[in-house]
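Side-chain atoms are counted along with the backbone in the values below, which use heavy atoms only and exclude waters and symmetry mates.
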Amino acid sequence: MSANETTKNRSVLLGAAFLMATSAIGPGFLTQTSKFTAQYGPALILIILLAILMDITAQMNIWSIVSVSKMRAQDVANKVLPGLGVVLAALVAIGGLAFNVGNVGGVALGFNAMFGLNEKVGAVIAGCLGIIIFINKNAKTIMDKVATILAAIILVTVLVVAVISQPPLGVVASSLTKVNEIPSMFVALTTLLGGSCGGYIAFSGAHRLLDAGISGPENVSHVRKSVLQGCGTSGTVRILLFLAVLGTCMIGSQWNAANADTIINASNPAAEAFRLSAGNLGYRLFGLCLFSAGVSSVVGAAFTSVSFLKTLHPFINKYERQFVVGFITFSTLMMVLVGNAAQLLIVAGALNGLILPVSLGVMLLACRNKKIVGEEYKHPTWMIVLGVIVVCISLYAGVKAVPGILKLFA
């Protein structure tokens, strides 16, 4: 392999990692984490760490099977059971659409926080930014670079607010022993997991690598390293955001109920947390963070959702970029007509969390099927065991969370 090809592959692997990370770190990610931190307090750190471990396990399994098989997830599913791929594609596309409407709204909220721009006008601009990327013939290369830059912006803005808010790290550390509180937070676990690797998110980077030709058993170690980079990035941002919001909800070791209630009841919980923490500067930083998270997620959701549809019919495959543009356009139109981005993002995260046991379960059924992964490849037993545990936990948490999710719809 030439030096140029090696550099290109590294760039694509890094781009795929950040595409996955920024697909996860969308407006829903910010909204969910802020609201649940204000609701559950320091104990939420247990759910966040559990969600990060489950995220890494799920994505390591999914990316490995997609890469080794050289097939997209829906094609793998069809090999496991004819017709199952169509069901998986429909679930992911519908979940991606729901999230993308909220992502467009997130960019609009970011514009509103930075410049006071009307949310509907901001939503239209958000849609136009996503469309501009995919009009270009080099859309996927541009997408990699945009994802990397926006991930850096998000990380820096959240870090600044986390430092300003001065979270009580000792209280957080002592909360790690309160495992008995986990069952009361199953809605949070299902929602945060859905926002990290549910629905389309777990497949965004894997499908990007397939498009770039980085697949097969010979590349699986590089693919897994890319997973760790992506999950490490999204996990770091999740923890920093939790600490930033927690610092706002606590004065030393004392719970500040007034601030917590203000964040929970705010139409934009993350914006309120940033404002309470760092005043007007915090509010502007939130706007920049939400804008970056929204744009990257609009792109990631549209690309991945259409990647699930394009192998279902040659017409979609031929006009992939045009379908992505149409997906973004429809999401924008829905946001302008429906509104209420914050609530939609939490609902979408919860629904995507319910999809995870299905999508990961399908990959695990395929992992030792030689017709799918080939004669030579043997999927590591430890990854299968951990994957089954994640399926069971996410399925149990999802079932337990259904009443709470139904309340979100209400």
Worksheet entry | Spatial distance of atom CD1 (Ile263) from atom CZ (Arg275) [nearest 0.5 Å] | 9.5 Å
Worksheet item: How long is the span from the CG atom in Asn268 to the OG1 atom in Thr31, to the nearest 0.5 Å?
Response: 6.0 Å
Discussion item. Tell me whether Ser297 contacts the main-chain N or O of Thr22 through its side chain, where contact means a donor paired with an acceptor under 3.5 Å.
Written reply: yes
Practice prompt. Please check if the side chain of Trp63 supplies one atom and the backbone of Ala202 the other of a donor-acceptor pair under 3.5 Å.
Written response: yes
Discussion item. Counting C-beta onward and ignoring hydrogens, is there a side-chain heavy-atom pair between Glu181 and Leu46 closer than 4.5 Å?
Written reply: no
Worksheet item: More than 12 foreign heavy atoms under 6.0 Å from CZ of Phe330: is that the case here?
Response: no
Fill in: Side-chain donor/acceptor of Ser165 to backbone N/O of Ala162, under 3.5 Å
yes
Discussion item. I'd like to know if the side chain of Asn100 pairs up with that of Asn103 as donor and acceptor (distance under 3.5 Å, no hydrogens or angles considered).
Written reply: yes
Practice prompt. Report the distance from atom CG of Leu246 to atom CG of Asn259, rounding to the nearest 0.5 Å.
Written response: 11.5 Å
Worksheet item: Out of curiosity, Asn112 CG to Lys120 NZ, how far, rounded to the nearest 0.5 Å?
Response: 13.5 Å
Discussion item. Looking at every non-hydrogen atom in both residues, tell me the closest pair between Asn78 and Val86 and how far apart they are.
Written reply: OD1-N, 3.8 Å
Worksheet item: Heavy atoms, side chains only, cut-off 4.5 Å: are Ile153 and Ile149 in contact?
Response: yes
Worksheet item: Without hydrogens or angle criteria, can the side chains of Arg72 and Thr304 be said to hold a donor-acceptor pair below 3.5 Å?
Response: no
Item to complete: Please answer whether the main-chain N or O of Ser307 pairs with a side-chain N or O of Gln74 as donor and acceptor at a distance below 3.5 Å.
Response: yes
Item to complete: Decide if the gap between the ring center of Phe308 and the ring center of His207 is smaller than 6.0 angstrom.
Response: yes
Worksheet entry | Minimum side-chain heavy-atom gap Ile48-Leu44 below 4.5 Å | yes
Discussion item. Set out, in order, the CA-CA distance, both residues' side-chain angles and the distance that settles side chain to side chain contact (heavy atoms under 4.5 Å, CB included) for Phe303 and Leu19, then state yes or no.
Written reply: CA-CA 10 Å; Phe303 163 76; Leu19 175 64; 4.1 Å; yes
Worksheet item: Taking Ser69 for the side chain and Val66 for the main chain, is one N or O donor matched with an acceptor at less than 3.5 Å?
Response: yes
Discussion item. Are Val373 and Lys378 packed together at the side-chain level, in the sense that at least one heavy-atom pair is separated by less than 4.5 angstrom?
Written reply: no
Practice prompt. Measure from the ring center of Phe327 to the ring center of Phe323 and say whether it is less than 6.0 Å.
Written response: no
Worksheet entry | Minimum heavy-atom distance between Met185 and Ala43, given as atom pair plus value | CE-O, 3.6 Å
Worksheet item: Under 4.5 Å between any side-chain heavy atoms of Ile142 and Phe134, yes or no?
Response: no
Discussion item. Restricting to non-hydrogen atoms, name the atom on Phe203 and the atom on Ser359 that form the minimum distance, rounded to 0.1 Å.
Written reply: CZ-CB, 3.5 Å
Practice prompt. Decide yes or no on side chain to side chain contact (heavy atoms under 4.5 Å, CB included) for Ile52 and Ser196, but give the supporting numbers first.
Written response: CA-CA 8 Å; Ile52 290 172; Ser196 297; over 6 Å; no
Worksheet item: Got more than 12 heavy atoms from elsewhere within 6.0 Å of CD, Gln254?
Response: no
Discussion item. How long is the straight-line distance from CG of Leu281 back to CD1 of Ile164, given to the nearest 0.5 Å?
Written reply: 5.5 Å
Worksheet item: Can you find a heavy atom in the side chain of Thr381 that is under 4.5 Å from one in the side chain of Arg368?
Response: yes
Worksheet item: Does the side chain of Leu53 reach to within under 4.5 Å of the side chain of Leu49, using non-hydrogen atoms?
Response: no
Worksheet item: Is Ser234 reaching over with its side chain to a backbone N or O of Cys231, donor-acceptor style, under 3.5 angstrom?
Response: yes
Worksheet item: Are any side-chain N or O atoms of Arg224 and backbone N or O atoms of Met60, one a donor and one an acceptor, separated by less than 3.5 Å?
Response: no
Worksheet item: Checking Asn61 side chain against Thr57 main chain: does a donor-acceptor pair fall under 3.5 Å?
Response: yes
Item to complete: Please name the residue in the list Val104, Thr332, Leu117 that meets the side chain to side chain contact (heavy atoms under 4.5 Å, CB included) test with Ile125.
Response: Leu117
Worksheet item: Taking NZ, NE, NH1 and NH2 as the nitrogens, is one of them in Asp211 or Lys310 under 4.0 Å from a carboxylate oxygen of the other?
Response: yes
Item to complete: Might you point out which heavy atoms bring Val299 and Ile133 nearest each other, and give the distance in Å?
Response: CG2-CD1, 3.7 Å
Item to complete: State which residue, out of Val237, Ile47, Thr37, fulfils the side chain to side chain contact (heavy atoms under 4.5 Å, CB included) condition with Phe242.
Response: Thr37
Worksheet entry | Distance-minimising heavy-atom pair for Ala244 and Thr248 | O-OG1, 3.1 Å
Practice prompt. Give a yes-or-no answer on whether the side chains of His222 and Asn9 include a donor-acceptor pair shorter than 3.5 Å.
Written response: no
Worksheet item: Is there a donor-acceptor pair closer than 3.5 Å between any side-chain N or O of Arg208 and the backbone N or O of Ala16?
Response: no
Practice prompt. Kindly give the heavy-atom pair with the smallest separation between Ser215 and Lys70, and that separation in Å.
Written response: OG-CG, 3.5 Å
Discussion item. Please report the interatomic distance OG1(Thr233) to CG(Leu228), rounded to the nearest 0.5 Å.
Written reply: 10.5 Å
Worksheet entry | Pair Gln59, Asp55: side-chain N/O donor-acceptor within cut-off below 3.5 Å | yes
Worksheet item: Side chain of Asn265, backbone of Asp261: donor and acceptor closer than 3.5 Å?
Response: yes
Worksheet item: Do Leu155 and Thr236 pass the side chain to side chain contact (heavy atoms under 4.5 Å, CB included) test, and can you show the C-alpha distance, the side-chain angles, and the key distance before you say yes or no?
Response: CA-CA 8 Å; Leu155 188 59; Thr236 299; 4.0 Å; yes
Practice prompt. Show your working on side chain to side chain contact (heavy atoms under 4.5 Å, CB included) between Val245 and Thr33 and close with a plain yes or no.
Written response: CA-CA 9 Å; Val245 178; Thr33 306; 5.9 Å; no
Worksheet item: Between Glu320 and Lys140, is there a side-chain N and carboxylate O pair less than 4.0 Å apart?
Response: yes
Discussion item. Is there a side-chain contact between Val80 and Asn369 in this structure, where contact means two heavy atoms from C-beta onward sitting under 4.5 Å apart?
Written reply: no
Discussion item. Atom CD of residue position Gln39 - does it have more than 12 heavy atoms of other residues, nucleotides or ligands inside 6.0 Å?
Written reply: yes
